[in-house]
Amino acid sequence: MRPLIERRTTPSIAITVAAPAAATVLTVVFSFLFFDALGHNPVSTLHAFFVMPLSSLNGISEWLLKASPLILIALGLAIGFRANIWNIGAEGQLILGAVAATSIGLFYPDKESVFLLPLMILAGMLGGMAWAAIPAFLKHKCNTNEILVTLMLTYVATLLLSYLVHGPWRDPFGFNYPQTALLPPAAMFDPLSGPYRVNNSVYITIFAVGVTWFFTKYSFLSYRISVGGAAPTAARYAGYRESTSIWLGLMAGGAMAGIAGMAEVAGPLGQLSPHISPGYGFTAIIVAFIGRLHAVGILLGGLFISLLYIGGDAVQISLGMSSSVTRIFQGALLFFLLAADFLIFYRIRFVKG
Amino acid sequence: MNRPITRRKFLATSGAFGVTLGSGLMTKAFAANDPLKVGVVYVSPISEIGWTKQHSLGIDAIKSDLGDKVSITAVENTFLPQDAERIFSEMASSGHQLIFGTSFSHGTPMQKVAPRFPGNAFEHCSGIVHFDNLGTFEAKYYEGTYVAGVAAAHMSKSAKIGFIGGFPIPDIVGPANALLLGAQSVNPDTTCNVIFLNSWFDPGKEKEATNTLVSQGCDVICSMTDTATGVQVAGEKGAWSIGYASDMSQFAPETHLTAFTLDWSSIYVQAARDVAAGTWKSDVRWQGLAEGVVKMSPYNEAIPTDVQASLQELQASISSGGIHPYAGEIQDQDGNVRVAADSVMPDPEIRGFNWFVKGIIGNMG
């Protein structure tokens with residue numbers, strides 16, 4: 001007898017219902033064993049992980065602040081992923097968006113102009129799109145592999161950022177440390193309210209969720225690129241051009257990642273330094289998949305992952321747990337979630353031989 | 001790819017939330033006479049050696065000094081400003097009277113958080129901005145590299161030193177210069193090849209860089225990163241090495257010449273005592289061999305005893321101020337005189353070092 005993995009012809013309804021429950025049960029069982037073995041009370045640890053971070057307005061502000069870029073980037077990536085366009089370089093597109101937006105914020109002559117912020121959003125979007133246009137062009141014209149090109153361009157983007165903050169854009173009053181001057185107040189998003197860090201850029205994310213939902217549900221264009229992703233031959237037979245999928249898939253990802261990068265600079269950062277993203281571009285890939293590439297799913301997935309990360313820091317503070325422990329827990333939880341998902345569409349059968 | 005599942009996703013997340021919501025209510029109450037709460041944010045996980053390890057030893061020193069009167073909260077692996085700001089503000093609002101940031105990248109977040117919590121004391125290592133409740137402390141790494149450079153020149157046959165740096169920031173560029181200036185004080189023809197990794201922690205790249213430097217003829221390698229890779233790989237290649245932050249001799253006992261180690265405990269303990277006594281004031285500290293913040297680890301037995309004795313003497317002279325590593329005349333890579341003879345580079349210029357001295361081969365990129 002050997003196990004064989006095969007695709008189900010139709011998704012299993014029973015497992016659709018059972019999978020999240022199974023993931024939850026497995027997580028609970030695992031965390032009880034895991035935290036107990038390490039000498040922490042499992043109940044209070046889970047409480048500190050998932051409830052305490054959200055028990056204050058400041059906590060909720062931090063939660064949304066971290067979820068917003070993840071959701072935004074994942075929405076853009078999902079459009080590409082539906083078309084089988086594997087853009088895994090959102091991190092680089094985010095950096096280019098941040099760089100383009102900062103160029104406006106730092107060098108636009110009128111530092112108090114009301115157009116500053118809208119121009120920066122536009123610049124961020126175009127910056128991200130320009131970076132994604134390179135793999136799109138290369139795939140369209142030379143049939144290169146976009147996975148490799150987008151990933152490698154991330155390193156190029158990091159180096160470009162590093163060059164700018166070490167060189168021409170370095171703050172002249174910053175003791176030669178690699179960072180730009182702070183952006184002027186007019187180039188920053190206003191906080192949603194008072195002392196909290198979450199800012200008006202969340203409206204962009206909410207808007208993007210709506211647009212993406214509408215686009216994927218109602219537009220013929222989205223249908224065409226999805227067909228191209230699921231069955232390229234059928235799509236070609238139907239006369240759907242492959243180049244549309246390539247360009248649209250990559251441009252959507254680039255635009256959203258670019259805006260997310262802009263929102264980081266014009267929000268919690270306020271300046272460029274050699275490292276500006278805690279890996280949002282990569283984490284967003286996970287978000288897109290636990291959201292099943294669907295706008296509402298991504299919204300929930302982004303909120304969930306954000307909580308998972310913030311909770312990881314929170315237990316370090318409140319319970320003195322080490323960061324390796326929290327990371328093992330985060331990894332295990334994501335594993336259970338995605339593994340349970342897998343069984344909806346695939347089954348394991350034991351065959352002879 | 002199938003995707004039409006929203007209800008399922010709903011169940012998945014709401015399920016996970018449900019579990020935790022039902023997991024009982026735990027509230028953390030803080031009694032009035034709790035011990036002094038000290039918070040510290042590390043840029044990387046605490047490992048056996050390296051930058052974060054040395055800071056954690058400072059925290060350990062607080063624990064052994066104040067015992068029950070102190071409780072410590074440490075958050076590891078926090079490098080980026082977005083996350084650091086959240087953690088600093090969480091620590092401050094949960095009653096941590098003294099909070100340490102251990103990296104330059106913690107600066108901007110601390111400068112944003114400190115003014116909102118005027119009653120809390122903030123201490124920032126590698127900081128350049130201070131407020132009434134934000135103090136800074138920093139080590140004079142260049143004193144250590146200067147001594148190490150003298151040791152290197154005595155042992156080098158090729159008169160070529162290799163230097164690997166994390167980032168081309170003044171705290172790294174300056175010590176690289178001092179390393180070569182120390183070596184040139186023994187052998188004026190010494191040169192130094194410099195490679196930057198653009199990362200504090202990248203053993204793969206560091207290994208490559210070490211190999212490159214050795215193949216370029218460098219027979220002493222000094223690596224200012226957060227790993228012992230440079231020391232280890234140099235040892236494998238038969239080249240001498242100089243450790244940074246911690247004593248790294250265990251990674252290449254035969255070839256590890258010395259290390260310039262960092263000992264922050266006096267600063268950590270003093271800050272904790274002052275906060276506990278209510279006498280803490282924000283201060284700017286920049287300390288080196290004299291204060292014991294920079295220490296040379298035991299010299300390799302391969303270094304001749306008379307050289308070892310002269311190195312000890314050199315340490316004493318630097319401590320007493322008799323010898324200054326950046327005393328003129330110093331020329332830059334293009335031969336322009338940047339520090340005149342009979343003068344010493346002013347402190348602000350040292351803290352902002354952004355050029356290489358003559359004999360350095362490489363650039364800031």
Side-chain angles (χ1 to χ4, degrees), chain A residues 11 16-17 19-21 23-24 27-28 43-44 46-51 58 62 81-82 84 159 162-163 166 175-178 195 197 229-230 264 268-271 273-278 290-294 296-297 300-301 303-304 310 313-314 316-318 320 322-324 337 344-345, chain B residues 1-21 23-26 28 39 42 45-46 72-83 85-87 89-91 93-94 104-105 107-108 112 116 128 167-170 173 198 348 351-354 364-365:
Chain A
T16 305
V17 179
T24 311
T27 305
V28 171
V43 174
S44 52
L46 286 177
H47 183 268
F49 222 108
F50 293 107
V51 182
N58 186 52
E62 294 296 331
F81 291 166
R82 281 166 173 260
N84 262 353
L159 289 171
S162 173
Y163 165 74
H166 280 107
F175 288 82
N176 290 318
Y177 275 94
R197 284 208 295 164
E264 282 300 292
L269 288 175
Q271 69 191 146
S273 58
H275 297 275
I276 54 168
S277 163
I290 57 177
R292 302 250 96 204
L293 309 184
H294 186 283
V296 179
L300 296 173
L303 289 171
F304 175 68
I310 288 181
D313 291 340
Q316 284 192 62
I317 296 179
S318 58
S322 86
S323 69
S324 349
L337 205 61
I344 297 171
F345 300 106
Chain B
M1 271 286 140
N2 281 280
R3 37 225 139 209
I5 333 285
T6 51
R7 193 173 52 124
R8 210 202 56 71
K9 178 64 216 160
F10 253 113
L11 289 171
T13 33
S14 59
F17 279 109
V19 169
T20 49
L21 281 169
S23 68
L25 289 168
M26 194 209 70
K28 236 180 139 64
Y42 299 123
I46 302 170
I72 307 280
T73 303
V75 175
E76 297 171 68
N77 212 9
T78 302
F79 180 72
L80 286 152
Q82 296 101 311
D83 293 326
E85 188 177 338
R86 178 179 70 249
I87 290 162
S89 118
E90 244 171 72
M91 282 182 167
S93 58
S94 58
F104 179 77
S105 71
T108 312
K112 286 188 195 162
R116 285 174 26 219
I128 49 177
F167 291 90
I169 56 174
V173 171
N198 278 315
R351 300 252 6 215
F353 230 131
N354 67 340
M364 300 280 171

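FYI, side chains are in, hydrogens and waters are out, and symmetry mates aren't considered; it's all heavy atoms of this structure. In what follows, chains are A, B, ... by sequence order, proteins preceding strands, each numbered from 1.
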*Which bit of B:Ser89 comes within less than 4.5 Å of chain A, counting heavy atoms only: side chain, backbone, both or neither?*
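Side chain only.
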*asked:* Taking side chain as everything from C-beta outward and backbone as N, CA, C, O, which of these in B:Leu80 sits under 4.5 Å from a heavy atom of chain A? Side chain, backbone, both or neither.
replied: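 The side chain, not the backbone.
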*Could I get the full list of salt bridge (charged side-chain N to carboxylate O under 4.0 Å, His left out) partners for B:Glu90, not counting sequence neighbours?*
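None.
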*Can you tell which of A:Ser324, A:Pro268, A:Ser273, A:Ser323 has the highest number of heavy-atom pairs within less than 4.5 Å of chain B?*
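Most heavy-atom pairs within the cutoff with chain B belong to A:Ser323.
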*Heavy-atom closest pair, residues B:Ile87 and B:Thr78*: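 Heavy atoms of B:Ile87 and B:Thr78 come nearest at CD1-OG1, 3.6 Å.
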*Check each atom of A:His166 against the heavy atoms of chain B and say whether the ones under 4.5 Å are side chain, backbone, both or neither.*
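Side chain only.
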_Results of side-chain contact (heavy atoms from CB on, under 4.5 Å) for B:Ile46 - residues two or more places apart only_ =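 Checked B:Ile46 against side-chain contact (heavy atoms from CB on, under 4.5 Å); matches are B:Tyr42, B:Thr52, B:Lys53, B:Ser56, B:Glu76.
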*Could you tell me which of B:Phe167, B:Phe104, B:Phe79 has the largest number of non-hydrogen atom pairs under 4.5 Å with chain A?*
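Counting heavy-atom pairs under 4.5 Å, the top option is B:Phe104.
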*Do you know which of B:Val75, B:Ile72, B:Asp83 has the most heavy-atom pairs under 4.5 Å to chain A?*
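Ranked by heavy-atom pairs under 4.5 Å with chain A, first place is B:Val75.
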_Between A:Glu264 and A:Ser277, is there a side-chain donor-acceptor contact under 3.5 Å, judged purely by atom types and distance?_
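No, because no side-chain N or O of A:Ser277 sits under 3.5 Å from a partner of the opposite role on A:Glu264.
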*Can you tell me how far the CD1 atom of B:Ile128 sits from the CZ atom of B:Arg351, to the nearest 0.5 Å?*
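Spacing of CD1 (B:Ile128) from CZ (B:Arg351) equals 7.5 Å.
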